[in-house]
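Take a look at the structure below.
Each chain gets a letter, A, B and so on, in the order its sequence line appears, and its residues count up from 1. The analysis underlying the following values was restricted to heavy atoms, covering all of them including side chains, and did not include hydrogens, waters or symmetry mates.
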Amino acid sequence: MKLLPHEIAALVAHAVQAAQAAGDLPAFELPAIDIRPPKRPEQGDYAASVALALAKSAGMAPLEIANRIAKHVPSADFIGSVEIAPPGYINFRLSESWLKQQIETIIAEGESAFALDLGAGKRAQVEFVSANPTGPLTVGRTRGGVIGDSTARVLEAAGYEVEREYYFNNAGRQMRNLGNSLRLRYLQALGREVQLPDDDSFYQGKYLIDFANELVKEQGEALADADWQPFKDYAEKRMFEWIKTSLGRIQIRHDVFFNENSLYESGAIWQVLEELEERGYVYKAVLPEDADAEDKADNDGKGEAVWFRSTQFGDTKDRVLVKSSGEPTYTLPDIAYHANKIGRGFDLMVNILGSDHLVQAQVVKYGLMALGLDPSKVRVIINQMVLVMQDGKPVRGSTRRGIFDTLDDLVDETSPDAVRYLMLARSPDSQHTFDLDLAVKQSNDNPVYYIQNAHVRCAGIFREAAARGVSDEGADVGLLSADELRFIRKALELGEVIEVAARNLEAYRIAFYAQELAQVFHPIYDSVRALHSDVPPELQKARLRFYRAAQVVFKRVLTMMGMTAPDYM
RNA sequence: GCGCCCAUAGCUCAGUGGAUAGAGCAACGGUCUUCGGAACCGUCGGUCGGGGGUUCGAAUCCCUCUGGGCGCGCCA
C-alpha cells in the first residue's frame, strides 16, 4: 500500500527540479520535503510547507515559490487537485475516485492491510518484562510488558521478523530469600512452630502460603529437613507458570526465555571480562581511579575490586565489574548478555526498561563500545514509573503486600483489553498515574469500548445483512459520498502512523490513532445507513462494502494493540 | 550537588519548526432510536510552569529559573 506522504514528496521534489530546469526557480539544493495532513479539512488532505522554507535560498516570496512549484507538479492517479494558500502552502487533495477504490484494496489485503516493507528482510528483537521470578507481576511491570509487546506488533506490521525475549536471573540472594521464605511457609503448613523474619529477606506475599500448601499436598513431610534450594526451585517453577499465565491474559507471549545463569555456565562473562582487559578498560583497585577525598574517607575496608573504566566513554564514574569477593556485579553479565544479542545478528534490538534502569542501560552501552561492538542497533525505551493510586492515596508497588497492585488484580477489576489500552495510550516518557478506583468505576466510559464498538457495529450490520439475505458483492463504490470518504482518508493515515511508530518506537501512537479513527467512524455510522428501507439496493451494496472495509481497518488496529475485535458487546 | 524524564483546558493526556494549540473525561444543553444507547450534535473551558534567546515562523530548538518523578551501591 502506498504511503501517501512519500508519494507526494516525490511529486514535489520532481516539481521543484522541473521548475528549476524551466528557469522558474533559481538553483538551490533540494531541502527535505515534509508532507503532512493539515489541521483543517478545508486545507486539503496533505500539505507541503517547503515553499516557506525556500524563501531565503530562492530569494522570493513563499507564495510565489509555491505557485511555481505547483505549476510543475506532475499528474498522478491519487491526486485530485493541487492548490496554493497563503503564506506559501501547497495543498493536495486526493482524487475521490482513487479514494473510493481504496475500499477494494483494503478488503483485498485484509489482515495484512497497511503492512509496510520498512523492516522487510530484517530481524528485530524486543526484550521486555524480564522480571525475576520472585513474585507476581506488578502494575509497573505491566506497563513495560504492554509497551514491549505493542512495539513488537508495530514492528511486525512494519515488516520486521520479530522475536520477543524475556531475560531473567534465577540465582542470587533474592532467589535464595524466596526459597527460604517458602521453606518457612512450608514448615508452617506442616504445623511447625517457626519464627518469620520481619525484614526484607522474607517475602510476605500470600502466594507463598498457597505454594506451601501445594507442596505439602504433593510431598507431605518429605522436605521438612531440606534447605532453601528445593523450595527455591519449586517457587521459581510455579512463579514462572504464574507470570506466563498473567501475561497470556493480556495477549503477551515470549519466544525466548534467556537465563542470565547461562552466561556464567558458558563462560561468556569471563570472556567479556578478558576482552575488556585486553583492550585496557579494566583495572583492579580498592577505589576507582578518580576517587576524591570523600570517597577515600568512605572506604570501609573492602578489598580490591575489578573496575570498568567507563568514564572514558563519558560515564560519571567507573563501575565495578567484579566485587572484591570475586563475585561479578549485575553489570558484567548484562554487558555479556547484550554482546550475546548482537552476536545473534539482529538488525534491531529494543529494550524496554523502567526509568530506574537508565544508568544501567548507559553503562551497558559503554561496555559494548569498549568491546568494539556497535551499540547503535540497541535501542532503549525508558518508561517512567506507574504511580498506582487507590482511595486517593498512592499504593506502594511492593511484591510483599500484593494488595491490588498486580497485573492479575488489574485484569480482574477491568478487562484484558482495558489494561492493554490504558497502559499503551500514553507516551512512555510521561509518568503514569493509574487511579484504580477510576479505572474500575469508569470502565464503561473507557475509550477501549468506544473503539471496539466501531468493530461491533460493523459486525452487527453484516449479521443483519446476512439475515436479510443482502450481500455486498458486485458493489459499485462509486456511489459512496463525502461522509464515507472522510473515513477512508483517515483510514489511509494508518500506514503513516505505523511508519512513524516503527521508526521512532512509539507504539502509543496506534492507540491515539485508533481513538481518532473511531471518532470519525461513529458519526458516519449514525448518518450513513446501509440497511434502512429508504436506501436503494445498489447504494445498500456500496455502503455494505464500505462497512466491510471499515471492519477490516478496525480489526487491524485492535489486533496491533493486542486487543480483541469483538462482534458483540 | 550531578544525570535523565516531565510540566499544555477543572482531571487524564496528544501535539515529527509551520496555517486559528487538540482529544477524552467531567459540567451544561439538545438529538436520536426500522443495522445503534459503550451512539450522535452543541456549549463551556488555554499567560502551552516563569523569563530570556535562535528563526520569516516556537508548545516544539537553545539558555536559565521554579516545581514534580527516577536514579546517582562492591544491589538486581
Using purine N1 to pyrimidine N3 plus N6-O4 or O6-N4 for Watson-Crick, or N1-O2 and O6-N3 for G-U wobble, both under 3.5 Å, which nucleotide pairs with B/rG71?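 Pair assignment: B/rG71 / B/rC2.
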Angle between ring planes, A/Phe521 versus A/Phe487, binned at 30° and 60°: parallel, tilted or perpendicular?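 Judged by the thresholds at 30° and 60°, the geometry between A/Phe521 and A/Phe487 is perpendicular.
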Is any side-chain nitrogen or oxygen of [X] closer than 4.0 Å to OP1 or OP2 of [N]?
X: A/Arg36; N: B/rU16; value: no
X: A/Lys56; N: B/rC56; value: yes
X: A/Tyr337; N: B/rA76; value: no
X: A/Gln362; N: B/rG3; value: no
X: A/Lys323; N: B/rA76; value: yes
X: A/Tyr450; N: B/rC40; value: yes
X: A/Lys317; N: B/rG3; value: no
X: A/Ser527; N: B/rA39; value: no

Go through B/rC35, B/rG71, B/rU16 for me and flag the one nearest to the A/Arg509 side chain.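 For A/Arg509, the side-chain atoms sit closest to B/rU16.
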So, do A/Trp307 and B/rC74 meet the stacking rule of ring centres under 5.5 Å and planes under 30°?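 Here A/Trp307 fails the 5.5 Å or the 30° condition.
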Under a plain distance cut-off of 3.5 Å, with no hydrogens placed, do A/Asn351 and A/His338 share a side-chain donor-acceptor pair?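 Present: a donor and an acceptor within the cut-off.
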Does a donor on one side chain and an acceptor on the other come within less than 3.5 Å for A/Gln452 and A/Asp417?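 On atom types as modelled, these side chains qualify, holding a pair under 3.5 Å.
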If the test is salt bridge (charged side-chain N to carboxylate O under 4.0 Å, His left out), which one of A/Arg40, A/Arg489, A/Arg36 qualifies with A/Asp45?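 Considering A/Arg40, A/Arg489, A/Arg36, a salt bridge (charged side-chain N to carboxylate O under 4.0 Å, His left out) with A/Asp45 is found only for A/Arg489.
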